[in-house]
Amino acid sequence: MVLELEKRLAQRLRAVLKEKYALDVENIPLETPPDLHLGEIATPIALQLARTLRKAPKIIAQEIVAALGSVEGFVRFEVAGAGYINAFLDRAEAAQVVAAPAAQISSKRLLHAMVEHTSINPNKAAHIGHLRNAILGDTFVRLLRAAGYKVDVQNYIDNTGVQVADVVVGFLHVEKKSVAEVRTLIAVCGDLAKIEGPKAAIDYYCWDLYANTSQWYTSGSPEENEVRKKLRYSTLHAIEQGNNETAEIADLISTAVLRRHLETMLRLDIEYDFLPRESEILHLKFWESAFEKLKQSGVLYFENEGKNKGCWVMTRPGAAAESVQDQDGPKGTDEDAKVIVRSNGTVTYVGKDIAYHLWKFGLLGRDFGYNPFFTYPDHECWISSVQGQEIHPQFGNATAIYNVIDARQSDPQSNVIQALRGMGYTEQADHYTHFSYEMVALTPRCAEELGYSISDEDKKKSYIEVSGRKGFGVKADDLIDKLIETVQPLVDEKQASSPEPVRREIARQIAIGALRYFMLKVTRNSVIAFDFKDALSFEGETGPYIQYAVVRIRNIFRKGGMDPEAELAALAELAEIGPYLSGEENEDIWSLWLRAGRRSQVLEQCIATSEPAYLAKHAFQLAQEFANFYHRHHILTEEDPARKTFLLATAAVTLRELVASLALLGIESPEAM
RNA sequence: GCGCCCGUAGCUCAGCUGGAUAGAGCGACUGACUACGAAUCAGUAGGUCGGGAGUUCGAAUCUCUCCGGGCGCACCA
């Protein structure tokens with residue numbers, strides 16, 4: 001509602017500026033006044049134009065207001081302060097618009113977006129850092145879909161990397177297991193996990209093995225360590241090669257761990273459409289196609305001198321200006337260039353990534369094979385394969401891509417964008433978003449609670465980076481389990497009369513709500529210093545606070561024997577609701593309605609800035625305003641029938657908006673709690 | 001050495017394209033359960049927005065500089 005009114009006002013203002021001052025102003029600045037006494041929408045446009053028009057801002061503002069005339073939805077405009085123009089809404093009309101059933105989103109945006117997130121190396125259990133990635137990515141997918149985008153969700157699997165090799169080394173050379181034994185182990189873990197939970201699962205087993213093996217490389221005599229290092233690289237090569245026992249173990253393990261990751265994420269309502277794997281990017285020779293294109297476009301050149309002699313390299317972003325400067329000087333080699341193909345002819349990670357991203361945009365001229373891999377209640381998740389099924393859905397050919405990857409990888413990401421740009425794919429490069437976020441770290445206190453021994457140096461830090469290699473971190477399933485364990489007694493106490501399965505479901509919903517909100521309330525580029533005290537909180541600015549507001553509203557309608565949507569519809573029948581929305585004593589109610597009408601505005605802002613935190617904030621503030629309203633106005637005992645209908649509609653509209661906002665955040669709204 | 005991010009209340013964080021009196025939550029203190037559930041609400045205390053300079057009618061927000069903290073800058077993946 002607010003979004004539409006803002007657009008209408010901006011359009012009218014543009015027209016006025018055009019006819020009165022012959023000015024074309026593309027972006028009319030609109031903001032929210034600090035207080036409702038100053039209207040609902042304000043613009044400092046007159047302040048901005050003071051200089052160009054050589055007039056006092058106040059005079060300009062008055063002239064604009066005089067020229068505005070009447071605008072539908074607004075009752076008046078005022079000049080205030082140094083030259084603000086404040087717009088006042090027709091409150092009754094606005095409330096009716098908010099109350100009306102939401103119009104279907106126009107699917108005129110035919111943007112086909114591809115969001116890649118999670119992308120955990122399939123050699124160990126997922127930890128809290130991966131949770132932040134997956135929750136951010138999944139939430140953004142929900143936002144894009146709500147805005148009318150067609151979205152494919154991808155989870156990239158690096159199943160041939162050195163991390164997987166390390167675990168394979170662990171099985172073969174530390175534990176000295178055979179292929180058959182590994183196969184048995186995976187089966188046993190799978191059965192055990194069904195009874196004992198995630199702690200018995202294969203990804204937990206690998207978590208320890210990976211940490212042990214990493215240590216094993218440096219724990220022997222210098223000669224032994226030398227041998228072990230060589231083992232590591234021969235294992236990696238064998239995996240890349242394929243068709244051997246080592247590769248078979250790697251495939252068994254990475255596939256089993258991948259399944260575990262999908263199960264863990266499903267606990268948080270996170271699903272995927274396609275799992276492209278590194279192994280197919282290698283075996284289907286994506287790189288060879290990309291290499292030709294890169295050479296042809298001149299993005300890659302062969303280096304004949306310097307430290308990168310014998311390599312195919314590309315200029316780094318930002319280095320372009322310098323090389324132009326160097327023109328008259330001695331043609332020095334660009335020592336800083338990024339190596340894409342090594343002197344031994346193998347391709348680097350960035351090279352493979354360029355090939356993969358050409359595929360994403362449908363520019364590679366090759367495709368994966370596809371096999372079904374994981375079945376969700378309402379759709380299938382596909383995985384890449386060399387030879388896939390004949391009938392499969394189409395992936396790739398995206399018009400916009402979002403890569404949810406942590407901020408540490410911004411360098412390689414910008415290399416890929418640079419390559420696209422260099423190849424002339426400007427449009428694609430512009431629609432390539434590195435959806436970056438900062439890491440989740442542990443506070444020293446939290447690390448000690450978990451039983452890790454902390455160096456004195458680390459104790460002084462405000463946070464310590466988690467590390468899969470060291471086995472240092474909080475596992476995702478452990479955190480989810482701990483959240484459930486913490487809420488369950490509360491639910492059991494408050495919902496004592498409900499049957500046990502119902503109580504368990506409520507505890508689950510609350511736990512997931514708490515976790516998702518915890519990860520989403522912080523903006524992307526702030527480091528989360530993880531602490532159980534904050535993560536396990538269900539009070540204040542948390543997911544459960546918002547869920548509780550929903551439950552209280554539902555209780556009102558349950559107790560009154562009424563239906564929220566019917567009460568909302570009844571609002572339209574009321575003769576005059578204006579009086580309920582004006583006057584000092586009703587400002588809080590109007591404020592609640594106004595916020596309820598802001599969802600699409602907030603959604604648009606989230607997408608424009610790739611920042612889901614705004615919506616998390618919006619949901620909390622709406623719940624907070626409702627809690628205040630709830631205490632001040634007792635609805636069911638209201639004697640004036642018209643006012644009672646109005647109050648019920650207020651609760652109903654809040655319910656609808658809260659549930660919708662929570663759903664966009666991937667948080668369920670319990671019936672009771 | 002180069003690049004990116006961060007520094008706002010005791011703690012954890014918001015503050016949108018510069019705009020009106022810098023906001024939440026937690027913690028502390030005071031108060032509210034005989035009314036739709038107190039996982040709640042009302043109130044009090046707590047800030048020279050890291051320091052300095054600049055641009056501007058106007059700066060937490062933009063520029064520069066310094067200080068402090070974090071992360072990247074391989075022919076590893």
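Numbers restart at 1 for each chain; the letters A, B, ... are given by sequence-line order, proteins then strands.
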Rounded off to whole Å, could you give me the OH-to-P distance for the A:Tyr463 and B:rG70 pair? 7 Å

Protein N or O to nucleotides 42-45 of chain B N or O, pairs below 3.5 Å:
residue: B:rA42; atom: OP1; partner: A:Asn628; partner atom: ND2; Å: 3.0

With a non-hydrogen cut-off below 4.0 angstrom, is A:Ala42 in contact with a base, only sugar-phosphate, or nothing? base

Output one letter per nucleotide in nucleotides 71-76 of chain B: B when a protein non-hydrogen atom lies under 4.0 Å from the base, S when only the sugar-phosphate is that close, - when neither is. SSSSBS

Rounded to whole angstrom units, what separation is found between the CZ atom of A:Phe620 and the P atom of B:rU12? 19 Å

Which part of the nucleic acid, if any, lies within reach of A:Asn121 when heavy atoms closer than 4.0 Å are counted: base, sugar-phosphate only, or nothing? nothing

With a 6.0 Å cut-off (strictly less than), is the heavy-atom count around CD of A:Gln241, excluding the residue itself, greater than 12? no

What is the distance, to the nearest angstrom, from the CG atom on A:Asp588 to the C1' atom on B:rC41? 13 Å

Whole angstrom is fine here: how far is it from CZ in A:Phe518 over to C1' in B:rG25? 13 Å

A:Arg552 charged N/C atom sitting above A:Tyr630 aromatic ring, 6.0 Å / 45°: yes

Tell me every residue that passes salt bridge (Lys or Arg N to Asp or Glu O under 4.0 Å) with A:Lys644, counting only those two or more places apart in sequence or in another chain. none

Centroid-centroid distance, A:Tyr356 to A:Phe286, less than 6.0 Å: no

Return the value, rounded to whole Å, for the distance between atom CD of A:Gln621 and atom P of B:rG23. 13 Å

Using the six-membered ring wherever Trp is involved, compare the ring planes of A:Tyr545 and A:Phe620 and label them parallel, tilted or perpendicular (cut-offs 30° and 60°). tilted

Apply salt bridge (Lys or Arg N to Asp or Glu O under 4.0 Å) to A:Asp563 and list each qualifying residue two or more places apart in sequence or on a separate chain. none

Looking at CG of A:Leu622 and NZ of A:Lys617, how far apart are the two atoms once the value is rounded to the nearest 0.5 Å? 14.5 Å

Just do the side chain to side chain donor-acceptor pair (under 3.5 Å) check on A:Gln624 and A:Asn628 with the steps written out, would you? CA-CA 6 Å; A:Gln624 204 176 30; A:Asn628 171 287; over 6 Å; no

With sequence neighbours excluded, give me every salt bridge (charged side-chain N to carboxylate O under 4.0 Å, His left out) pair touching residues 35-50 of chain A. A:Glu40-A:Arg91

Can you tell me which residue pairs pass the side chain to side chain donor-acceptor pair (under 3.5 Å) test with a partner in residues 517-528 of chain A, sequence neighbours excluded? A:Tyr517-A:Glu541

Mind listing the side-chain donor-acceptor pairs of residues 49-58 of chain A below 3.5 Å, one per line with the distance, residues two or more places apart or on another chain?
residue: A:Thr52; atom: OG1; partner: A:Leu49; partner atom: O; Å: 3.1
residue: A:Lys55; atom: NZ; partner: A:Glu63; partner atom: OE1; Å: 3.1
residue: A:Lys55; atom: NZ; partner: A:Glu63; partner atom: OE2; Å: 3.1

Is A:Arg14 paired with A:Asp24 through a side-chain N to carboxylate O contact shorter than 4.0 Å? no

Give me the distance, rounded to whole Å, that separates B:rU56 from B:rG68 when you measure between the C1' atoms they each carry. 29 Å

Looking at A:Tyr156, I'd like to know if the NZ or CZ of A:Arg277 sits under 6.0 Å from its six-membered ring centre while staying within 45 degrees of the ring's axis. no

Could you tell me whether A:Gln547 contacts a base, only the sugar-phosphate backbone, or nothing, with contacts defined as non-hydrogen atoms closer than 4.0 Å? nothing

Base, sugar-phosphate, or nothing: which does A:Asn86 touch, judged by heavy atoms less than 4.0 Å apart? base

What contact category does A:Pro29 fall into here, base, sugar-phosphate, or nothing, at under 4.0 angstrom with non-hydrogen atoms? nothing

Under-3.5 Å N/O pairs linking protein and nucleotides 55-62 of chain B:
residue: B:rC57; atom: OP1; partner: A:Arg51; partner atom: NH2; Å: 2.8
residue: B:rC57; atom: N4; partner: A:Leu47; partner atom: O; Å: 3.4

Taking any heavy-atom pair under 4.0 Å as a contact, classify A:Gly81: base, sugar-phosphate, or nothing. nothing

Residues A:Arg408 and A:Glu438 bridged, charged N to O under 4.0 Å: no

Would you list the protein and nucleotides 6-11 of chain B atom pairs, both N or O, that sit under 3.5 Å from each other?
residue: B:rC6; atom: OP1; partner: A:Asn525; partner atom: ND2; Å: 3.3

Determine the stems involving RNA chain B; a stem requires 3 or more consecutive pairs of the Watson-Crick or G-U wobble kind, each with both distances below 3.5 Å, and the answer is none if no such run exists. B:1-7 with B:67-73, B:10-13 with B:23-26, B:28-32 with B:40-44, B:50-54 with B:62-66

Yes or no on side chain to side chain contact (heavy atoms under 4.5 Å, CB included) for A:Thr654 and A:Leu592, after CA distance, side-chain angles and deciding distance? CA-CA 8 Å; A:Thr654 308; A:Leu592 183 55; 3.9 Å; yes

Please state how far atom CG in A:Leu3 lies from atom C1' in B:rC16, giving the value in whole angstrom units. 14 Å

Set of ring-ring contact (aromatic ring centres under 6.0 Å, His included) partners for A:Phe538, sequence neighbours left out: none

Taking for each residue the nucleotide of RNA chain B with the nearest heavy atom, is it A:Val350 or A:Leu30 whose nucleotide lies nearer the 5' end? A:Leu30

How are the rings of A:His357 and A:Tyr432 set relative to one another: parallel (under 30°), tilted (30 to 60°) or perpendicular (over 60°)? tilted

With under 30° as parallel and over 60° as perpendicular, where do the rings of A:Phe530 and A:Phe532 fit, or are they tilted in between? perpendicular

Rounded to the Å, how far apart are A:Ile528 CD1 and B:rA14 C1'? 14 Å

Please state how far atom CD in A:Gln601 lies from atom P in B:rC16, giving the value in whole angstrom units. 14 Å

Can you give me the N/O atom pairs linking the protein to nucleotides 32-39 of chain B at distances under 3.5 Å, or say none if there are none?
residue: B:rA35; atom: O2'; partner: A:His634; partner atom: NE2; Å: 2.9
residue: B:rC36; atom: O2; partner: A:Leu636; partner atom: N; Å: 3.2
residue: B:rC36; atom: N3; partner: A:Ile635; partner atom: N; Å: 3.1
residue: B:rC36; atom: N4; partner: A:Tyr630; partner atom: O; Å: 2.3
residue: B:rC36; atom: N4; partner: A:His633; partner atom: O; Å: 2.7
residue: B:rG37; atom: O2'; partner: A:Tyr548; partner atom: OH; Å: 2.4
residue: B:rG37; atom: N7; partner: A:Asn555; partner atom: ND2; Å: 2.6
residue: B:rG37; atom: O6; partner: A:Gln495; partner atom: NE2; Å: 2.7
residue: B:rG37; atom: O6; partner: A:Met673; partner atom: O; Å: 2.4
residue: B:rG37; atom: N1; partner: A:Met673; partner atom: O; Å: 2.7
residue: B:rG37; atom: N2; partner: A:Lys494; partner atom: NZ; Å: 3.2
residue: B:rA38; atom: OP2; partner: A:Arg552; partner atom: NH1; Å: 3.3
residue: B:rA39; atom: OP1; partner: A:Lys494; partner atom: NZ; Å: 3.3
residue: B:rA39; atom: OP1; partner: A:Tyr548; partner atom: OH; Å: 2.8
residue: B:rA39; atom: OP2; partner: A:Lys494; partner atom: NZ; Å: 2.1

